[in-house]
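Worksheet: one structure, shown below.
Counting starts at 1 for both ligands and their atoms, following the listed order. Note that these values count all heavy atoms, side chains included, but never hydrogens, waters or copies made by symmetry.
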Amino acid sequence: MEEKREEKVLYSAVQPSGNLTIGNYIGAIRNWVNMQHEFTCFYAIADMHAITVRQEPALLRRRTLELAALYIACGIDPEKCTLYVQSNVPAHAELAWVLNTVTYVGEMERMTQFKDKAARHAENVNMGLMDYPVLMAADILLYQAHLVPVGVDQRQHLEITRDIAIRFNNRYGETFRVPEAYIVKEGAKITSLQDPLRKMSKSDENPNASVYLADDKDTIMRKFKRAVTDSDNRIAVSEDKPGVTNLLNIYASFKGCTVAEAEKAFEGKGYGDFKLAVGETVADALAPVQAEQKRLLADKGYLADILRRGAESAAYTARKTLAKVFRKVGFYRGE
Ligand code: TYM
């Protein structure tokens, strides 16, 4: 591993629970790439989180591998960071159990994501769904992470992670570093193309609401053409123009410019041209990522090897924290 400029540890993960959207890309994965040069990074594929809603087993396995390939295709270098599958490191489940005992049911019931998902999956409000933030806290705390780069929708989970860490430290003595969320301003919340007040989500039932990283150019162009805007034909960031604001955010993120520069680029243009330009920009940026992901998926042996080495390296770090926790809570470990 190369020498990092900072000693700080960074942790993040994505669930292999559906087709990834450009929201996941802009809000999370893309930023991870720049950070791998500066920090000691752990990037996981959160398959244990994914099964809190029902998954087709064969599909979950396939998506796990696809996500690993995608991470690498986006520019995450497995030689520079630790890339692994959450369920391959048993310490996550073990720490989650201990953290459960310093977490209150009431806190979990108040989590907005739990309430949303419980409403959407009323037939399957399982314990795992409720316990989801505790497993997430275990992920982060095991690696003594300083920073957790996420989109805005995960802010509440980061806050509860901090609460759990502080509570454990108070009860048992200094054990965990208290992590901070790292939320980039641009692209922290990409919203649905059909309902721009809601976040763009992998699990949206309307396929036109989300642009998937796997979409081909025609599909991408069609989705942007149909994107909901408004009737005044002015291209500007404004609270009363959530659709246009979202498109400007997407454009700026993929173009690598500021939103103000994006506004300027479209001064005097109509919505038709604007949407075409956003679509072209996104499709052109995604094409090389898609090609590289496909190339990587053809070599399953290579991916398996990366993930095996990643899990070994993650387990090594995780076990150190877990041993400390077990000692603090009083588990018998022999002489
Ligand atoms: P997940 O899989 O829902 O999303 C992965 C990442 O993408 C971000 N994101 C978005 N950002 C901007 N706009 C959007 N529309 C958008 N949709 C999603 C999310 O904020 C997230 O950063 N619980 C996590 C996975 C996880 C995790 C962790 C994250 C498990 N353990 C430990 C950090 C640390 C999740 O469901 O992400």
Arg309 and Asp305 ion-paired at < 4.0 Å
yes

Salt bridge Glu66-Arg61, side-chain N to carboxylate O under 4.0 Å:
no

Does any N/O atom on Met200 come nearer than 3.5 Å to any N/O atom on ligand 1?
yes

N or O pair under 3.5 Å between Ser12 and ligand 1
no

Does Val148 approach ligand 1 within less than 4.0 angstrom via side chain, backbone, both or neither, non-hydrogen atoms only?
side chain

May I ask you to list the atoms of ligand 1 that are less than 4.0 angstrom from any heavy atom of Ile140?
32 (C), 34 (C)

To check your reading of the model: name the closest protein heavy atom to atom 23 (N) of ligand 1, its residue, and the distance in Å.
Tyr132 OH, 2.6 Å

Are Glu280 and Lys217 within salt-bridge range, i.e. N to O under 4.0 Å?
yes

In the protein, what heavy atom is nearest to atom 13 (N) of ligand 1, and what distance, to one decimal place, separates them?
Ile190 N, 2.8 Å

If we only count N/O pairs under 3.5 Å, is Ala28 in contact with ligand 1?
no

Using distance alone, determine whether Gln86 and ligand 1 share an N or O pair under 3.5 Å.
no

Validation row: Cys41, Trp32 side chains within 4.5 angstrom (heavy atoms):
no

Under 6.0 Å between ring centres: does that hold for Phe39 and Tyr11?
no

If you apply the rule side-chain hydrogen bond (donor to acceptor under 3.5 Å, both in side chains), what do you find for Thr112 with Gln156, and how did you get there?
CA-CA 8 Å; Thr112 32; Gln156 199 183 35; 2.7 Å; yes

Answer yes or no: does an N/O atom from Gln113 fall short of 3.5 Å to an N/O atom of ligand 1?
no

With side-chain hydrogen bond (donor to acceptor under 3.5 Å, both in side chains) as the criterion, how do Asn126 and Asn124 come out once you've worked through the C-alpha distance, each side chain's angles and the decisive distance to 0.1 Å?
CA-CA 6 Å; Asn126 61 78; Asn124 183 24; 3.2 Å; yes

Starting from atom 10 (C) of ligand 1, which protein heavy atom do you reach first, and at what distance in Å?
Gly23 O, 3.5 Å

Is it true that His157 and Phe114 have ring centroids separated by less than 6.0 Å?
no

Specify side chain, backbone, both or neither for Ile26, according to which of its non-hydrogen atoms lie closer than 4.0 Å to ligand 1.
neither

I need the nearest protein heavy-atom contact for atom 1 (P) of ligand 1: residue, atom name and distance, please.
Lys202 NZ, 3.5 Å

Lys189 and ligand 1 - part of the residue with a heavy-atom distance under 4.0 Å:
backbone

Please answer whether the main-chain N or O of Gly18 pairs with a side-chain N or O of Lys202 as donor and acceptor at a distance below 3.5 Å.
no

Please report which non-hydrogen protein atom sits nearest to atom 18 (C) of ligand 1, along with the residue it belongs to and the distance in Å to one decimal place.
Asn24 ND2, 3.2 Å

Below a 4.0 angstrom heavy-atom separation, can you tell me which part of Asp139, side chain or backbone, both or neither, approaches ligand 1?
side chain

So, Phe266 versus Tyr251, ring centres under 6.0 angstrom or not?
yes

Check each of Phe42, Tyr84, Trp97 against His92 using the ring pair (Phe, Tyr, Trp, His ring centres under 6.0 Å) test, and report the only one that passes.
Tyr84

Near His49, which atoms of ligand 1 are under 4.0 Å from a heavy atom of that residue?
30 (C), 31 (N)

Any N/O pair Gly151/ligand 1 closer than 3.5 Å:
yes

Identify the protein heavy atom lying closest to atom 12 (C) of ligand 1, giving its residue, its atom name and the separation to 0.1 Å.
Ala188 O, 3.2 Å

SB check Asp153 Lys189 (cutoff 4.0 Å)
no

Closest protein heavy atom (residue, atom, distance) for atom 29 (C) of ligand 1:
Ala13 O, 3.5 Å

Mark up the atoms of ligand 1 that fall under 4.0 Å of a heavy atom belonging to Gly27, in ascending order.
11 (N), 12 (C)

Would you please test Thr103 and Asn100 for side-chain hydrogen bond (donor to acceptor under 3.5 Å, both in side chains) and show each step?
CA-CA 5 Å; Thr103 308; Asn100 273 333; 5.3 Å; no

shortest atom 37 (O) of ligand 1-to-protein heavy-atom contact is with Gln154 NE2, 3.9 Å

Closer than 4.0 Å to some heavy atom of Ala46 - which atoms of ligand 1 meet that?
30 (C)

